[in-house]
K.L.:
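Have a look at this one.
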Amino acid sequence: MDLNTITAVAHPQTRAQLPAWTAGDAWLAGGTWLFSEPQVHLRRLIDLTDLKWPALTMTESHLSIAATCTIAELDGLACPSDWLAAPLIGQCCRAFLASFKIWKTATVGGNLCMSLPAGPMISLTSALDGVCTVWKADGGEQRIPVVDFVAGNQRNHLTPGDLIRQIDIPIAALRRRTAFRQISLAPVGRSAALLIGSLDPDGTLTLTVTASTVRPIQLTFRKAPDAGGLRDAITQQITDDLYHTDIHGKPLWRKHMTQRLAEEIRSELAAGAPS
């Protein structure tokens with residue numbers, strides 16, 4: 001889609017060179033959504049690619065994912081053998097059901113900023129205790145857990161001119177045992193429910209519910225519950241108004257699938273081996 005209202009494109013190379021944000025501006029990274037439909041309100045694009053952030057950085061404590069990291073770059077990460085949660089990366093990347101062209105262009109940060117319920121990078125990073133570093137428009141910096149960053153369907157805690165710099169994932173989260181479940185209404189449709197369970201060495205079970213709900217929701221159990229306890233916790237903590245509705249699935253069906261997939265995850269992690 002040609003954006004024929006654009007009159008300028010800025011190419012900052014450092015944070016200090018980022019132009020003052022004005023009405024009609026938009027950040028440009030992958031641009032897969034930006035160029036997918038008319039954007040008649042835009043006048044200037046601020047291209048982030050010349051900032052040249054390293055896509056992926058591993059330290060002793062964290063995996064840092066740049067907001068401009070593409071899906072292909074993330075999927076291609078060679079993970080250490082003790083990262084038991086590593087399969088989640090490929091599983092969530094493939095939940096896009098996107099072509100290789102999209103994989104090479106779409107970015108992790110862009111998926112978070114879109115804040116769609118079915119955003120699989122939201123699913124991945126929230127389940128792994130990811131924390132966003134946000135460059136504020138006023139020059140400050142803010143850190144927000146991904147599970148709190150998304151506030152609802154296409155709503156998040158960014159204000160005009162704010163920019164996600166990176167998402168940090170603790171290495172400890174990548175060493176947990178995990179289980180993944182996803183379902184779509186159609187064979188190649190958008191996720192209607194995407195659930196991830198993780199088990200800490202101390203037995204703490206964390207269930208992250210996305211796609212079926214308008215925002216990520218996490219349930220934590222210090223001791224793995226039985227089937228009834230899990231069902232009751234989901235019913236109490238995910239009220240009916242939190243279930244998403246669109247052509248990809250109605251709330252009642254999404255609620256049913258959330259309960260079903262959650263029980264599959266509980267059983268898999270309890271058994272200690274994939275089911």
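FYI, side chains are in, hydrogens and waters are out, and symmetry mates aren't considered; it's all heavy atoms of this structure.
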K.L.:
May I ask you to decide whether Arg181 forms a salt bridge with Glu268, counting only side-chain N to carboxylate O separations under 4.0 Å?
P.N.:
yes

K.L.:
Given Leu112, which of Ile164, Val150, Leu158 fulfils the side chain to side chain contact (heavy atoms under 4.5 Å, CB included) condition?
P.N.:
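Between Leu112 and the candidates, side chain to side chain contact (heavy atoms under 4.5 Å, CB included) is satisfied uniquely by Ile164.
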
K.L.:
Report yes if some heavy atom in the side chain of Phe221 is under 4.5 Å from a heavy atom in the side chain of Leu230; otherwise report no.
P.N.:
yes

K.L.:
Show your reasoning for whether side chain to side chain contact (heavy atoms under 4.5 Å, CB included) applies to Phe96 and Ile102.
P.N.:
CA-CA 9 Å; Phe96 270 108; Ile102 298 298; 5.7 Å; no

K.L.:
May I have all residue pairs that pass side-chain hydrogen bond (donor to acceptor under 3.5 Å, both in side chains) and include part of residues 219-232, sequence neighbours excluded?
P.N.:
none

K.L.:
In terms of side-chain heavy atoms, does Thr57 have a donor or acceptor partner in Ser64 at a distance below 3.5 Å?
P.N.:
no

K.L.:
Might you confirm whether atom CZ of Arg94 has over 12 heavy atoms from other residues, nucleotides or ligands at distances under 6.0 Å?
P.N.:
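It does: Arg94 CZ has more than 12 such atoms within range.
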
K.L.:
Is the closest side-chain heavy-atom distance between Lys250 and Lys255 below 4.5 Å?
P.N.:
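With C-beta onward as the side chain, the pair stays apart.
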
K.L.:
For Thr22, what residues pass the side-chain hydrogen bond (donor to acceptor under 3.5 Å, both in side chains) criterion, not counting sequence neighbours?
P.N.:
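Scan of Thr22 (side-chain hydrogen bond (donor to acceptor under 3.5 Å, both in side chains), adjacent residues dropped) gives Asp25.
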
K.L.:
I would like to know whether Leu205 and Ser198 meet side chain to side chain contact (heavy atoms under 4.5 Å, CB included); could you show each step before the answer?
P.N.:
CA-CA 6 Å; Leu205 172 67; Ser198 66; over 6 Å; no

K.L.:
Would you kindly confirm whether Leu84 and Phe180 end up in one hydrophobic cluster when ILVMFWY residues are joined by side chain heavy atoms under 4.5 Å apart?
P.N.:
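Cluster IDs for Leu84 and Phe180 differ.
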
K.L.:
Mind checking whether Asp246 and Arg254 have side chains closer than 4.5 Å, heavy atoms only?
P.N.:
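Asp246 reaches Arg254 side chain to side chain.
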
K.L.:
If I take atom CG from residue Leu124 and atom CG from residue Leu74, how far apart are they, to the nearest 0.5 angstrom?
P.N.:
6.5 Å

K.L.:
Which pairs pass side-chain hydrogen bond (donor to acceptor under 3.5 Å, both in side chains) with one or both residues in residues 147-156, sequence neighbours excluded?
P.N.:
Ser115-Asn156

K.L.:
Please find the pair of heavy atoms, one from Arg190 and one from Ala118, that lie closest to each other, and give the distance.
P.N.:
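Looking at all heavy atoms of both residues, the closest pair is CG-CB, 3.4 Å.
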
K.L.:
Would you compute the distance between atom CG of Leu174 and atom SG of Cys79 and round it to the nearest 0.5 angstrom?
P.N.:
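Nearest 0.5 Å value for the CG-SG distance: 7.0 Å.
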
K.L.:
Please check: side-chain N/O of Gln39 versus main-chain N/O of Asn4, any donor-acceptor pairing under 3.5 Å?
P.N.:
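Between the backbone of Asn4 and the side chain of Gln39 there is no qualifying donor-acceptor contact (under 3.5 Å).
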
K.L.:
Start with the C-alpha gap between Trp53 and Gln166, add the side-chain angles, then the distance that decides, and say whether side chain to side chain contact (heavy atoms under 4.5 Å, CB included) holds.
P.N.:
CA-CA 9 Å; Trp53 296 331; Gln166 66 194 48; over 6 Å; no

K.L.:
Give the cluster check for Leu51 versus Leu34: same hydrophobic cluster or not, with ILVMFWY residues linked at side-chain heavy-atom distances below 4.5 Å.
P.N.:
no

K.L.:
I'd like a table of donor-acceptor pairs (distance under 3.5 Å, sequence neighbours excluded) in which one partner is a side-chain atom from residues 127-136, with atom names and distances.
P.N.:
| residue | atom | partner | partner atom | Å |
| --- | --- | --- | --- | --- |
| Asp129 | OD2 | Arg176 | NH1 | 3.3 |
| Asp129 | OD2 | Arg176 | NH2 | 2.4 |
| Thr133 | OG1 | Arg143 | NH1 | 3.1 |
| Lys136 | NZ | Asp162 | OD2 | 2.7 |

K.L.:
As an exercise, state the distance from CD1 of Ile169 to CE of Met58, rounded to the nearest 0.5 Å.
P.N.:
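Interatomic distance, Ile169 CD1 to Met58 CE, rounded to 0.5 Å: 12.0 Å.
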
K.L.:
Does Asp50 reach the side chain of Pro12, with side-chain heavy atoms less than 4.5 Å apart?
P.N.:
no

K.L.:
Is there a side-chain contact between Leu269 and Thr178 (heavy atoms, below 4.5 Å)?
P.N.:
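No, their side chains stay 4.5 Å or more apart.
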
K.L.:
Do you know which two heavy atoms are closest between Pro19 and Ala10, and how far apart they sit?
P.N.:
CG-CB, 4.1 Å

K.L.:
Gln218 and side-chain hydrogen bond (donor to acceptor under 3.5 Å, both in side chains): which single residue from Thr206, Thr210, Thr208 fits?
P.N.:
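With Gln218 as partner, side-chain hydrogen bond (donor to acceptor under 3.5 Å, both in side chains) holds for just one option, Thr208.
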
K.L.:
Holding to side-chain hydrogen bond (donor to acceptor under 3.5 Å, both in side chains), I want the full list of residues that pass it with Asp138, two or more places apart in sequence or in another chain.
P.N.:
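Counting only residues at least two positions away or on another chain, Asp138 forms no side-chain hydrogen bond (donor to acceptor under 3.5 Å, both in side chains).
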
K.L.:
Has the side chain of Arg43 got a donor or acceptor atom that lies under 3.5 Å from a matching backbone atom of Val40?
P.N.:
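Pair found, side chain donor or acceptor close to backbone of Val40.
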
K.L.:
Judged by atom type as modelled, is there a donor-acceptor pair below 3.5 Å linking the side chain of Thr213 to the main-chain atoms of Pro216?
P.N.:
no

K.L.:
With no hydrogens and no angle check, do the side chains of Ser212 and Thr258 hold a donor and an acceptor under 3.5 Å apart?
P.N.:
yes

K.L.:
Would you check if the side chain of Ser267 reaches a backbone N or O of Glu264 as a donor-acceptor pair within less than 3.5 Å?
P.N.:
no

K.L.:
Taking atom OG1 of Thr107 and atom CH2 of Trp27, what is their separation to the nearest 0.5 Å?
P.N.:
13.5 Å

K.L.:
Restricting to non-hydrogen atoms, name the atom on Arg215 and the atom on Ala151 that form the minimum distance, rounded to 0.1 Å.
P.N.:
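Closest heavy-atom pair between Arg215 and Ala151: CD-O, 3.7 Å.
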
K.L.:
Determine whether more than 12 heavy atoms belonging to other residues, nucleotides or ligands lie under 6.0 Å from atom CG of Asp2.
P.N.:
no

K.L.:
Answer whether the closest heavy-atom distance between the side chains of Trp103 and Thr32 falls below 4.5 Å.
P.N.:
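No. Closest side-chain heavy atoms not under 4.5 Å.
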
K.L.:
Provide the closest heavy-atom pair for Ala192 versus Trp253 in the form atom of the first, atom of the second, distance.
P.N.:
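So the two residues come closest at CB-CZ3, 3.3 Å.
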
K.L.:
First locate atom OG1 of Thr105, then atom CZ of Phe35, and finally report the distance between them rounded to the nearest 0.5 Å.
P.N.:
11.0 Å

K.L.:
Any chance you could measure Ile171, atom CD1, to Ser61, atom OG, to the nearest 0.5 Å?
P.N.:
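Rounded to the nearest 0.5 Å, the CD1-OG separation comes out at 7.0 Å.
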
K.L.:
What closest approach, in Å, do Leu48 and Thr68 show between heavy atoms, and which atom pair accounts for it?
P.N.:
CB-CG2, 4.1 Å

K.L.:
Ile238 versus Leu219: any side-chain heavy-atom pair under 4.5 Å?
P.N.:
yes

K.L.:
Are Leu207 and Leu88 connected in a single hydrophobic cluster, I mean Ile/Leu/Val/Met/Phe/Trp/Tyr linked by side-chain heavy atoms less than 4.5 Å apart?
P.N.:
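Different clusters.
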
K.L.:
Could you see if Val108 belongs to whatever hydrophobic cluster contains Ile144? Use Ile, Leu, Val, Met, Phe, Trp, Tyr and a side-chain cutoff under 4.5 Å.
P.N.:
yes

K.L.:
Can Arg44 and Ile6 be said to form a side chain to side chain contact (heavy atoms under 4.5 Å, CB included), step by step?
P.N.:
CA-CA 5 Å; Arg44 179 174 64 172; Ile6 299 298; 5.8 Å; no

K.L.:
Any donor and acceptor pair, going by atom type alone, linking the side chain of Arg266 with main-chain N or O of Ala224 inside 3.5 Å?
P.N.:
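Not a single qualifying donor-acceptor pair exists.
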
K.L.:
Would you call Arg177 and Asp200 a salt bridge, taking side-chain N to carboxylate O under 4.0 Å as the test?
P.N.:
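No salt bridge links Arg177 with Asp200.
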
K.L.:
Taking the side chain as everything from C-beta on, heavy atoms only, tell me whether Leu242 gets closer than 4.5 Å to Ile217.
P.N.:
yes

K.L.:
Shared ILVMFWY cluster between Leu63 and Ile196, side chains joined below 4.5 angstrom?
P.N.:
yes

K.L.:
Considering non-hydrogen atoms only, spot the tightest contact between Thr49 and Ala29 and give its length.
P.N.:
CG2-O, 4.3 Å

K.L.:
Have Glu73 and Thr70 got a donor and an acceptor in their side chains that come within less than 3.5 Å?
P.N.:
yes

K.L.:
Going by the rule side-chain hydrogen bond (donor to acceptor under 3.5 Å, both in side chains), which residues pair with Ser191 if we only count those two or more places apart in sequence or in a different chain?
P.N.:
Gln182

K.L.:
Pick one: which of Ile167, Ile65, Ile71 meets side chain to side chain contact (heavy atoms under 4.5 Å, CB included) with Met121?
P.N.:
Ile71

